Structure formats: C-alpha cells, structure tokens
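Notes follow once the structure below has been shown.
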Amino acid sequence: MQKIRNIAVIAHVDHGKTTLVDGLLEQSGTFGDHEAHDERAMDSNDIEKERGITILSKNTAIRYDGYKINIIDTPGHADFGGEVERVLKMVDGVLVLVDAYEGVMPQTKFVVKKMLALGIKPIVVINKIDKDSAEPDRVVDEMFDLFADMGATDEQQDFPIIYAAARNGIAKMDMADEDGDFTCIFDAIINDVPEPQGDASNPLQAQVFTLDYDNYVGKIGISRIFNGTVSKGDNIMLAKSNGEMVKGKISKLIGFLGLNRMEIDQAEAGDIVAFAGMETVDVGDTVADPVNPVALDPMHIEEPTLTVVFAVNDSPLAGKEGKHVTSNKLRERLEFEMRTNVAMKLEIVGEGKFKVSGRGELQITVLAENMRREDFEFSISRPEVIVKEIEGVKCEPFEHLVIDVPEDLSGGVIERLGKRKAEMKSMLPMGQGFQRIEFEIPARALIGFRGQFLTDTKGEGVMNNSFIEFRPYSGGVESRSYGALVSMVAGSTLAFSLFSIQNRGVLYIGVQTEVYEGMIVGEHSRDNDLVVNPIKGKAQSNVRSSGADEAIKLIPPRDMSLERALEWIEDDELLEVTPKSIRIRKKHLTEAERKRHSRKGK
Ligand SMILES: Nc1nc2c(ncn2[C@@H]2O[C@H](COP(=O)(O)OP(=O)(O)OP(=O)(O)O)[C@@H](O)[C@H]2O)c(=O)[nH]1
Ligand SMILES: [Mg+2]
C-alpha cells in the first residue's frame with residue numbers, strides 16, 4: 001500500500017491558502033524546474049483569476065519523501081463555506097491558516113468549528129508574518145481562545161504551530177528561529193496528520209465530494225476511497241443518498257498530480273481519485289462494491305439562505321447584445337449548473353422565471369457573471385433571504401459580522417447597523433487608529449449594506465460576514481435610504497441634461513448611453529424616486545450666447561458592478577444583465593404603471 005496523507009487547507013478569505021499550496025507544489029518538486037505556472041496556480045478558472053479568490057475547492061497531489069500527499073484547497077469566502085464542510089470529511093488533517101495581523105475572522109470561526117466537530121486535529125499556520133503590522137503572538141492567543149470557546153478537546157488544543165510567509169516560501173516552528181523553507185510544513189503533515197484508515201482488501205467504498213463535468217466523458221465524481229480497491233472498467237454499485245442503488249461501470253479512473261490529471265488503472269483505500277462513467281452520480285453518493293454495497297454516511301449539504309429570480313429579459317433593449325435569450329436556453333443553462341453545483345437550487349416559478357437559491361450574493365453573482373460570458377442575457381431580481389418555519393416559528397438566517405473601521409467613523413457605522421437590527425457583541429482597538437467591532441445581524445439587513453458601509457467609511461472600512469444559523473424572524477429592517485433617478489424617455493443620453501441631473505444625486509451612466517423609459521440612471525439624493533430626462537439637448541436659439549457653450553463638466557458616473565447593482569436594487573427594480581451591459585430598471589417601466597401598482601400594494 002502506498003504511503004498517503006490527505007489534508008485540506010482552510011481559512012478565512014485571503015489568508016493565503018492558495019498561495020501556500022503553490023509553495024507546497026513548488027518545494028516538493030512537483031512543479032518541474034522549468035514548468036511555467038501562474039501565481040495561485042490552483043485558482044484556475046477565469047473569475048477566480050480576475051478576482052483573486054478561490055470559488056471552487058480543488059484537489060491536487062504532491063510527492064514528498066516517499067509519501068503521496070493529497071491536498072484540497074478550499075475557498076475562504078463565506079458564500080462557499082458549504083464546500084469546506086464536505087471537504088473536511090474527506091481528509092484526515094488540515095492546515096488552518098490565519099493572517100498574522102487580521103487574526104481570527106468570521107470564516108476562521110466557521111471552519112474551525114466544523115473541523116473540531118469532525119474530531120480533526122489541525123496544524124495551525126500563522127501566515128503573512130512578513131507584514132509590518134503582523135502580531136503573531138496575539139494571533140496565536142486568539143487561536144487558543146477560539147479553540148477553547150468552541151470546545152476543542154485537549155488533544156485538539158495541543159496543535160502544532162508553524163509561522164509562515166507563504167508568498168516568500170518561508171516557514172518556521174518558532175518566531176525566534178531563522179527563516180526556513182517549507183520542510184517543517186511537510187514534516188508536520190507527515191508526522192501529525194494520521195494515516196488514512198480503511199483497508200484495500202475490503203469491499204469498495206468511496207464517497208463523492210465534488211462533481212466535475214467533461215464534454216467527452218460526462219459527469220465526473222471526485223471521491224475519497226475509504227475501503228477497497230478500484231480499477232478502470234470495474235462494475236460498481238452507486239449507493240445514492242436516498243437509499244437507491246444504481247448499477248454502473250467505471251469508464252475512466254483519473255488521478256491527480258500537481259496541476260495535471262491523468263488516467264490511471266487502479267487506486268486503493270486512502271486515496272483521492274475521480275471516476276467517470278456514472279451519469280446519475282451526485283455529491284454524497286457512495287461508489288460501492290456491486291455484490292456487497294454498503295453506503296457511507298450521507299453528507300450534510302448546507303442549505304441555501306438567499307434566493308433571486310432569473311428571468312427572460314423583457315426590457316426595450318432586450319435581445320440586442322446577448323445570443324441566448326429565450327426561456328428554454330435560460331432553463332437549460334441553469335439546470336446544467338445545478339448538475340454540478342450542489343450548493344444551489346433551482347425552481348421554476350413562472351413562464352420564463354427561475355428561482356435560484358444559494359448561500360450568498362457572491363455565489364449568485366459568479367453564476368450570473370459566468371452566464372454573461374457565455375453570451376446569455378437575462379434579468380435578476382433583488383436577493384431575498386430564505387425564511388422558513390422551524391418548530392412552528394418563522395425563522396431567518398443570521399450572520400456574524402466583523403467590521404474594521406477608523407475609530408472616528410465607528411459611531412456612525414454603529415448607528416446605521418443599529419437601525420438594521422444588528423446586535424453589537426464586542427469592540428476592540430486594532431492599532432493604527434482602527435477598531436474591530438463584531439455584530440450578529442439578520443442576513444436580510446446586510447443586503448445593500450456593503451455599498452453604504454464603503455461610502456460611510458470613505459472606502460477605508462473592511463467588513464466580513466459569515467452565516468451563523470436560522471433564528472426567529474426579527475421584523476422590519478431599514479433598507480436603501482435613497483430613491484432612484486428614473487428616465488422618463490428613450491434615447492441616447494446627452495451631456496447637457498446629465499449635467500443638470502447630476503445635481504440631484506449620483507449618476508450611474510455617462511453620455512451617449514442608450515436608455516429607455518423606466519431605466520434607472522442614478523441614485524437620488526433623497527428617499528423618493530425622481531423621473532428625469534437624460535436625453536434633452538440644449539434648446540437651440542438664434543442668438544449666440546456670449547462665451548458660447550461653456551464646457552460642461554460631468555462627474556464620472558459611479559461604476560455599478562454586478563454585485564453592487566444587485567445589492568442596490570429594491571423589490572420594484574430589476575437588473576438587466578447582458579454580455580455587454582448591466583442596466584438597472586424599474587419592473588414597471590412607465591410612471592403610470594408604477595403608480596397603479598404602488599396603490600395596489602397599499
Ligand atoms: N504579505 C503576504 N501576503 C501574502 C502571503 N501569502 C499570501 N499573500 C497574499 O494574500 C493574498 C491572498 O492570497 P490567496 O492565496 O489567494 O488567499 P486564499 O486564502 O487562497 O484566498 P481565498 O481562496 O479567496 O479564500 C494574495 O494577494 C497573496 O499574494 C504572505 O505570506 N505574505
Ligand atoms: Mg484561495
């Protein structure tokens with residue numbers, strides 16, 4: 001049997017997981033000397049590269065000192081937290097990273113809690129010790145406190161600590177030591193992570209934890225083999241989580257090494273491999289012995305907390321920029337997404353209307369962003385949190401929110417959060433004039449808060465949030481405090497009219513932009529909506545005014561990214577998403593219709 005270690009790398013967003021994996025690939029010699037690779041090589045898809053964050057957990061393997069080490073890099077953003085939980089069941093140890101300045105953050109708590117519950121003893125890596133602001137001792141204390149608070153066993157509390165500057169390939173066991181390379185990390189993985197249990201001579205049991213799709217071989221299930229041996233061409237039984245048994249055959253067996261996948265002939269207990277050939281495979285299924293199939297414990301999949309409605313674009317500009325615009329196309333694409341993305345759910349709610357549920361706005365934005373790149377065009381409604389009944393009580397998702405704000409601005413932010421039903425839990429000075437304040441807040445109240453927070457803190461504030469649990473519904477919360485500037489006409493915008501409209505608020509569009517009646521061109525500085533005419537030119541007159549056309553100075557429009565726009569819109573508004581544009585509109589395009597509907601609403 002080969003010597004194997006299986007680990008996951010977990011942490012809060014941006015604490016350096018993928019960078020550390022680069023170093024493990026590099027320093028184990030898995031990347032050949034001249035093999036070119038990008039920074040954060042595991043962040044392989046376009047959106048991951050552009051945003052510099054990990055969205056999907058991915059596995060790789062390295063060889064070190066006669067061992068095969070399977071490594072799963074996980075996403076740190078809270079919206080993708082469900083992935084982490086599944087991954088943790090597949091490994092025997094973890095590297096939990098924590099930024100040597102930022103310390104314990106909401107998602108650190110989330111992943112540590114899940115890890116402790118599974119009985120895993122981690123290796124703690126205090127990363128980014130090269131930062132000027134680093135305070136590794138404080139952060140180590142924070143980690144001990146966290147483990148104690150979360151009920152770690154004595155053995156779990158007794159975790160090894162490694163200090164690292166992952167980006168520079170540096171690690172050491174003691175801050176006082178000279179900088180070393182990752183040898184101490186490899187040694188800790190080999191010595192402190194338990195070897196996989198299970199027996200290669202038992203009947204086969206492998207559990208699928210991630211799905212992939214390949215145009216040639218179809219659905220691929222990435223799995224950990226807990227027992228038995230599997231070979232290419234084997235007949236197997238797929239034990240589904242609902243108890244169903246489906247016969248199947250392994251058409252391809254795929255192994256991992258570095259950034260490569262290769263076909264292999266055989267794999268055995270302890271290893272992580274991918275299977276092709278089973279079209280009905282889902283996350284959590286057990287690939288089992290055909291004669292003696294025994295399912296492994298089903299996998300808990302985190303429920304969605306947020307929904308939006310994707311719909312056919314019916315704006316006056318519909319169909320001009322996208323290629324796939326019909327209800328059928330939209331449905332096919334969304335159904336395809338659900339085949340591999342277990343964290344999301346789809347429900348058809350009306351003609352050309354699809355309710356998509358997920359863990360957060362980023363998760364939904366990433367789907368929408370992928371679809372625009374594939375030439376889809378559609379509309380999205382305002383995100384709504386999922387409210388459900390638990391033991392007869394109406395409940396909604398709550399989040400743990402941590403903000404770092406300049407001290408002099410904290411009062412204003414606290415007041416604003418108070419109106420949004422946030423409960424303050426702690427407040428600590430962070431040095432450099434910053435305060436760290438922690439809250440618990442209904443997820444509903446966080447929708448639209450980020451943009452406001454950035455404005456209130458002049459872009460200096462940092463906020464992080466992570467799902468806690470469903471709690472009793474907390475009643476009305478304050479939402480957007482400003483109205484919309486709504487176009488009353490269709491046409492192309494002109495500087496002359498934008499110049500006067502910009503006095504009424506903040507513009508979202510510039511000159512020579514195509515608009516239509518009911519399209520939103522900016523944010524009003526007051527709480528009501530205002531209809532405006534952005535296409536009006538200067539009245540022509542025969543008399544030339546002295547000084548002629550004074551140069552018109554337009555303030556650059558606010559750039560509304562997909563996320564920002566999604567956060568901003570209210571119930572009576574929609575986002576129009578096309579490969580080229582993101583437009584914000586009223587659901588009802590004419591003022592008369594809007595009046596009629598608001599009266600009906602009351
Ligand atoms: N100063 C410093 N920066 C680092 C270090 N390690 C990583 N970074 C930087 O931190 C940022 C985030 O690194 P990633 O490796 O993407 O972090 P991550 O934990 O994988 O992030 P997510 O997957 O999105 O949760 C990048 O800009 C890295 O270059 C380090 O040791 N020191
Ligand atoms: Mg990453």
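Worth saying up front: this structure is predicted, and the values here are computed from it rather than measured. First listed ligand is number 1; within each ligand, the first listed atom is number 1.
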Test item: [X] and [Y] side chains (from C-beta on) under 4.5 Å apart, heavy atoms:
X: Phe80; Y: Thr74; value: no
X: Leu306; Y: Ser357; value: no
X: Ile55; Y: Ile47; value: yes
X: Asp187; Y: Tyr64; value: yes

Of all residues at least two apart in sequence or in a different chain, which pass the side chain to side chain donor-acceptor pair (under 3.5 Å) check with Lys219?
none

Side chains of [Y] and [X]: any donor to acceptor distance under 3.5 Å?
X: Glu102; Y: His15; value: yes
X: Asp271; Y: Asn70; value: yes
X: Asn464; Y: His12; value: yes
X: Glu337; Y: Asn370; value: no
X: Thr307; Y: Glu384; value: no

Given a threshold of 2.8 Å, state how many protein N/O/S atoms are nearer than that to the Mg ion (ligand 2).
2

Geometric N/O contact [X] with ligand 1, under 3.5 angstrom:
X: Lys131; value: no
X: Ala166; value: yes
X: Lys17; value: yes
X: Glu39; value: no
X: Asn168; value: no
X: Thr19; value: yes

What protein heavy atom sits nearest atom 6 (N) of ligand 1, and how far off is it?
Asn127 ND2, 3.5 Å

Tell me, which protein residue and heavy-atom name are nearest atom 16 (O) of ligand 1, and how many Å apart are they?
Arg40 CD, 2.9 Å

Using a 4.0 Å heavy-atom cut-off, which part of [X] comes near ligand 1: side chain, backbone, both, or neither?
X: Ile129; answer: neither
X: Arg167; answer: both
X: Asp130; answer: side chain

